[in-house]
Number of protein chains: 2
Amino acid sequence: MKNYELVLSWVEADLAAGRLRLGGRLPGERVLAEQLGISRPSVREAVRVLEALGVVRTATGSGPEAGAVIVAEPASPLTALLRLHLATNHLPMGDIVQTRVLLESWAARQAAELFAVEGAADRKQGAGGASGVGAGSGLGGVGLLGVAEGLLGRMEDPGLSPEEFHLLDAEFHVALSGVAGNVLIAAVMASLRSAIHGYVMAAVPNLSDWDATVVGLRAEHQAILAAVRAGEADRAARLVTDHIQGFYRAARLASPD
Amino acid sequence: MKNYELVLSWVEADLAAGRLRLGGRLPGERVLAEQLGISRPSVREAVRVLEALGVVRTATGSGPEAGAVIVAEPASPLTALLRLHLATNHLPMGDIVQTRVLLESWAARQAAELFAVEGAADRKQGAGGASGVGAGSGLGGVGLLGVAEGLLGRMEDPGLSPEEFHLLDAEFHVALSGVAGNVLIAAVMASLRSAIHGYVMAAVPNLSDWDATVVGLRAEHQAILAAVRAGEADRAARLVTDHIQGFYRAARLASPD
DNA sequence: GGCTATGCTGTGGTCCGACCACACCCCGTG
DNA sequence: CACGGGGTGTGGTCGGACCACAGCATAGCC
């Protein structure tokens, strides 16, 4: 086993055992090196990997924010992963679009069902309002729908550039996916959007009429939001599917199923 | 920007531009260091990250297999990512189960539809038999169903330990997901299974009767395979969903939706 | 006494130079 | 012609050194 892998398994074991917690800090690189009987460069390689995997965040200086702080950011490494494998041309854009359709339509359906239940029972207490419904529940939640609505408002600005519009668009989709409350799916969604951002921007010139496209996208977003809020699960899922596939077809980025 | 990030962006650019191809090799660490005007340790950190992301595979010695060879292995880094974030307790097992249900039921549905079309049109030519149906198509394909069937055969062996059985089980599910032909979803599936393998094994004692469980799982696998082969998409999807949720409930690993 | 400035300390970031283990490849040898 | 041993280039590891940065404690000033 390579020395840097020693550090990785040490960190994983300590994480699983609770000796390392979120927000805590790894021992200094020099300390860790001596502790494991290896050199500092080896420790550094491991820390880099952990950083690339979104498990730690490193910073220079001193204080509580300095050093290798344990975080949980699955989205950024997923983005890097997708970007790199997209660059190798062994990850077809069509597969990504297909995955987006699958995840987002599911998320929209879940979100709508959440609202349907909530509306029917009118049990809108603050804490744990949606507990027990989804699997992860805890995080995410219906509050994100307000965020999504706010994003739609900002997207009404006619002065937005294609890039600005698309960034808000991406945020809207990610927020919507977050409502379903599954952190894994939300993270995958977020990274899918980030990873393909460059490709989407490069395809904007393919659109025959940007202004008309924007008008259409805005309307579709509003319809999706309304369907979710009304608790119409099937309709929300179908709208999302059409929305995504329609855009990629128009931009000629891929010919989804 | 940190120096090792310089290497990462250099590699990504060269990949996208086609100057680096799958199976090709990165320049030597010493060469790359001088070329980018940085030190070898910095290059090494970047190579480690690339290795952790499944983009390169390093080996000592000489010859075509030595050095940093460009590969495309999205599954192993995804596994590491999931394992580590699972260890931080910020990735609920329930979310993983939910994701498995979503991806696998979709894959089963797609696979069944593939067979339904193929059976109806009887267009069973060898190359490109399923082209144009799925988004990615190309890879995966119906041939994997034979692999899945072979795995089921090996799982009939009554002398298998729980661990051996579960490994074959995992392979079966991954192969089934591969039939749908979406490399991204197949990779995610494969890493989900690997990442939770340890947790599943730890939960085996929770099962009230291992032998009875195995009998049930075998029957469910056969039923799923039959449904896919018969082109019964809805039935295949439902069977997969019940199969997965049933097991996790029995093992008390999570209480899926 | 309160406030400011300055150095100390510990962190990661980077670099150098060296040595090791390994695997292929070539050339000398029989 | 067959075979074996060194040559060569690869990554793997190491120790040590210096830098930039951020916080903090302290000494000094007002």
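With hydrogens and angles disregarded, no donor-acceptor distance shorter than 3.5 Å links the side chain of B:R154 to the backbone of B:L168. Panel note: side chain B:D14, backbone B:L20; no donor-acceptor pair is recorded below 3.5 Å. A donor-acceptor pair under 3.5 Å is absent between the side-chain atoms of B:H166 and the main chain of B:P162, judged by distance alone.
Protein atom NZ of B:K2 is 14 Å distant from nucleotide atom P of C:dC15, rounded to whole Å. Following rounding to the nearest Å, B:E34 (CD) and C:dG17 (C1') show an atom-to-atom distance of 15 Å. Rounding to whole angstrom units, CG of residue A:L32 and C1' of C:dT11 are separated by 14 Å. Taking atom CZ of residue A:R40 and atom C1' of nucleotide C:dG17, one finds them 17 Å apart after rounding to whole Å. In this structure, B:L36 places its CG atom 15 Å from C1' of C:dT14, rounding to the nearest Å. As a whole-Å value, the separation of A:E45 CD from C:dT14 P is 14 Å. In this entry the distance linking CD of B:E29 with C1' of C:dG17 reads 15 Å, nearest Å.
A:E171 has no carboxylate O lying under 4.0 Å from a charged side-chain N of A:R193, or vice versa, which leaves the two without a salt bridge. For the pair B:K2 and A:E51, the salt-bridge criterion is met [side-chain N within less than 4.0 Å of a carboxylate O].
Along DNA chain D, the nucleotide nearest A:S39 and the nucleotide nearest B:A68 are compared for position; the residue whose nucleotide lies closer to the 5' end is B:A68. Residue-to-nucleotide proximity on DNA chain D shows that, of A:P41 and A:R30, the 5′-proximal contact is made by A:P41. Mapping B:G63 and A:V31 onto DNA chain C via the closest heavy atom, the residue that lands nearer the 5' end is A:V31.
Shortest non-hydrogen contact noted between B:L86 and B:A195 is CD2-O, 4.3 Å. Contact between A:V49 and B:R48 at its shortest, heavy atoms only, is CG2-O, 4.0 Å.
Between B:S62 and C:dA23 there is no side-chain N or O to OP1 or OP2 distance below 4.0 Å. An OP1 or OP2 oxygen of C:dG13 is reached within less than 4.0 angstrom by a side-chain nitrogen or oxygen of A:R48.
Taking a heavy-atom distance under 4.0 Å as the criterion, the stretch of DNA chain D touched by chain B extends 5' to 3' from D:dG9 to D:dT13.
Taking a 4.0 Å limit (strictly below) on heavy-atom distances, residues 50-60 of chain B reaches DNA chain D at B:T58, B:A59, B:T60.
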All N/O donor-acceptor pairs, side-chain side in residues 23-37 of chain A, below 3.5 Å, sequence neighbours left out:
{"from": "A:R25", "atom 1": "NE", "to": "A:A66", "atom 2": "O", "distance (Å)": "3.4"}
{"from": "A:R25", "atom 1": "NH1", "to": "A:G63", "atom 2": "O", "distance (Å)": "3.2"}
{"from": "A:E29", "atom 1": "OE1", "to": "A:R40", "atom 2": "NE", "distance (Å)": "3.0"}
{"from": "A:E29", "atom 1": "OE1", "to": "A:R40", "atom 2": "NH2", "distance (Å)": "3.1"}
{"from": "A:E29", "atom 1": "OE1", "to": "A:R44", "atom 2": "NH1", "distance (Å)": "3.1"}
{"from": "A:E29", "atom 1": "OE2", "to": "A:R44", "atom 2": "NH1", "distance (Å)": "3.1"}

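Under the 30°/60° scheme for interplanar angles, the aromatic rings of B:H221 and B:H173 are found to stand perpendicular.
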